Protein chains: 2
Amino acid sequence: MGGTPIRNEIRRLRFEHGEMTQQALADACGVTRQTVIALEAGKYAPSLELAFRIARTFGVRVDDVFRWEDADAAS
Amino acid sequence: MGGTPIRNEIRRLRFEHGEMTQQALADACGVTRQTVIALEAGKYAPSLELAFRIARTFGVRVDDVFRWEDADAAS
DNA sequence: AGCCAATGTCAAATCCTTTTTACATCGACT
DNA sequence: AGTCGATGTAAAAAGGATTTGACATTGGCT
């Protein structure tokens with residue numbers, strides 16, 4: 001769709017879960033370390049399925065990990 | 001990622017919102033009618049950004065529109 | 001100094017989502 | 001019978017997400 005107005009709390013959640021490493025999160029979600037790096041760097045937004053896996057890994061909801069800033073936020 | 005173990009409540013929400021048409025939802029989310037059709041038919045899961053737009057259109061959270069059935073649901 | 005784990009960058013290939021276009025069906029209405 | 005709006009199908013092309021592999025950096029530890 002557009003650029004990537006989606007921010008995430010992955011890095012924070014990772015540290016709040018016992019110094020969980022990028023590799024550990026990647027393994028838990030069945031993806032590559034590259035994907036975790038790219039997501040934390042905000043290079044792109046994950047697929048919905050991956051968003052669910054990440055959220056479930058941290059025991060929270062999708063909306064608690066990812067935040068969408070609407071580009072049409074006309075005051 | 002995998003196949004598409006993600007179910008959604010789009011059709012139901014559409015009707016609960018005043019007989020909202022597929023085209024109207026598509027317009028509200030900035031996508032094509034084809035995309036809405038494919039999503040309701042479960043052909044694939046939307047991008048995370050589109051998931052957010054759909055949820056916001058209905059005034060609910062992403063987790064309220066989409067449900068992920070983990071393939072590893074060993075009883 | 002040297003090692004190792006964790007993190008980061010880059011680029012090509014692959015897979016999945018979305019668009020576009022064109023056509024088919026069904027029900028309501030005249 | 002004919003039209004119109006809503007829904008459905010199909011397939012190619014475009015765009016974005018994920019993988020793979022190889023290499024660079026930083027910090028802690030010995």
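Because the structure is predicted, anything quoted here is derived from the model rather than measured. Proteins get letters first, then strands, A, B, ... in listed order; numbering begins at 1 in each.
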**Report entry** Min side-chain heavy-atom separation A:Trp68-A:Asp63 under 4.5 Å
**Finding:** no

Query - Atom-pair distance (CG on A:Asp27; C1' on D:dT19), nearest Å - result: 14 Å

Using the 3.5 Å cut-off, write out each protein N or O paired with an N or O of nucleotides 24-26 of chain D and the distance between them.
none

Query raised in the report: Going from OG1 on A:Thr21 to CZ on A:Arg14, what distance comes out if it is rounded to the nearest 0.5 angstrom?
Result: 6.0 Å

Query raised in the report: Do any N or O atoms from the side chain of B:Arg7 and from the backbone of B:Arg67 form a donor-acceptor pair under 3.5 angstrom?
Result: no

**Report entry** Base C:dT7 to side chain A:Glu40, donor-acceptor N/O within 3.5 Å cut-off
**Finding:** no

Query raised in the report: Partners of B:Arg12 by side-chain contact (heavy atoms from CB on, under 4.5 Å), sequence neighbours excluded?
Result: B:Glu9, B:Glu16

Query raised in the report: Which ones in residues 9-21 of chain B lie close to DNA chain C, meaning a heavy atom under 4.0 Å from one of its atoms?
Result: none

Report task. Give a yes/no on whether any side-chain N or O of A:Lys43 is located under 4.0 angstrom from OP1 or OP2 of C:dT9. Result -> yes

Query raised in the report: If you take all heavy atoms of B:Leu13 and B:Val65, which pair is closest and at what distance?
Result: CD1-CG2, 3.9 Å

Query raised in the report: Can you tell if the side chain of A:Leu50 reaches within under 4.5 Å of the side chain of B:Leu48, non-hydrogen atoms only?
Result: no

Report task. Rounded off to whole Å, could you give me the CG-to-P distance for the A:Leu50 and C:dT17 pair? Result -> 12 Å

Query raised in the report: Rounded to the nearest Å, what distance is computed from the CG atom of residue A:Leu39 to the C1' atom of nucleotide C:dT7?
Result: 15 Å

Report summary line: Students should find that the end-to-end axis angle of the helix from C:dA1-D:dT30 to C:dT30-D:dA1, with five pairs defining each axis and rounding to 10 degrees, is 30°

Report task. Rounded off to whole Å, could you give me the CD1-to-P distance for the A:Ile37 and D:dC23 pair? Result -> 17 Å

Query raised in the report: Which is true for A:Ala38 with a 4.0 Å heavy-atom rule: it touches a base, it touches only sugar-phosphate, or it touches nothing?
Result: nothing

Query - Closest non-hydrogen atom pair, A:Ile6 against A:Ala45 - result: CD1-CB, 4.1 Å

**Report entry** Closest non-hydrogen atom pair between A:Met20 and A:Phe58, with its separation
**Finding:** SD-CE2, 3.9 Å

Report task. Could you tell me the separation between the CG atom of A:Asn8 and the P atom of D:dA17, rounded to a whole number of Å? Result -> 13 Å

**Report entry** Pair of N/O donor and acceptor under 3.5 Å linking D:dA10 base with B:Gln34 side chain
**Finding:** yes

Query raised in the report: So, is A:Thr35 near the phosphate of D:dT19, with a side-chain N or O under 4.0 Å from OP1 or OP2?
Result: yes

Report summary line: Sorted by chain and residue number, the salt bridge (Lys or Arg N to Asp or Glu O under 4.0 Å) partners of A:Arg61 (sequence neighbours excluded) come out as A:Asp64

Report task. Mind running a 4.0 Å heavy-atom check of residues 58-67 of chain B against DNA chain D and sending the residues that fall below it, in number order? Result -> none

Query - Counterpart residues, side-chain contact (heavy atoms from CB on, under 4.5 Å), relative to B:Asn8 (two or more places apart) - result: B:Ile10, B:Phe66

Query raised in the report: Rounded to whole angstrom units, what separation is found between the CD atom of B:Gln22 and the C1' atom of C:dT19?
Result: 16 Å

Requested in this report: Could you state the atom-to-atom distance from CD of B:Glu49 to P of C:dT18 in whole Å?
Outcome: 10 Å

Could you list the donor-acceptor pairs under 3.5 angstrom formed between side-chain atoms of residues 22-38 of chain A and any protein atom two or more places apart in sequence or on another chain?
unit_1: A:Gln22; atom_1: NE2; unit_2: A:Glu40; atom_2: OE1; d: 3.2
unit_1: A:Gln23; atom_1: NE2; unit_2: A:Asp27; atom_2: OD1; d: 3.1

Query - Atom pair distance, as rounded to whole Å: OH in A:Tyr44 and P in C:dC10 - result: 14 Å

Report task. Mind running side-chain contact (heavy atoms from CB on, under 4.5 Å) on A:Ile54 and A:Val62 for me, showing each step along the way? Result -> CA-CA 8 Å; A:Ile54 293 171; A:Val62 169; over 6 Å; no

Query raised in the report: What nucleic acid atoms does B:Ala41 come within less than 4.0 Å of, heavy atoms only: base, sugar-phosphate, or nothing?
Result: nothing

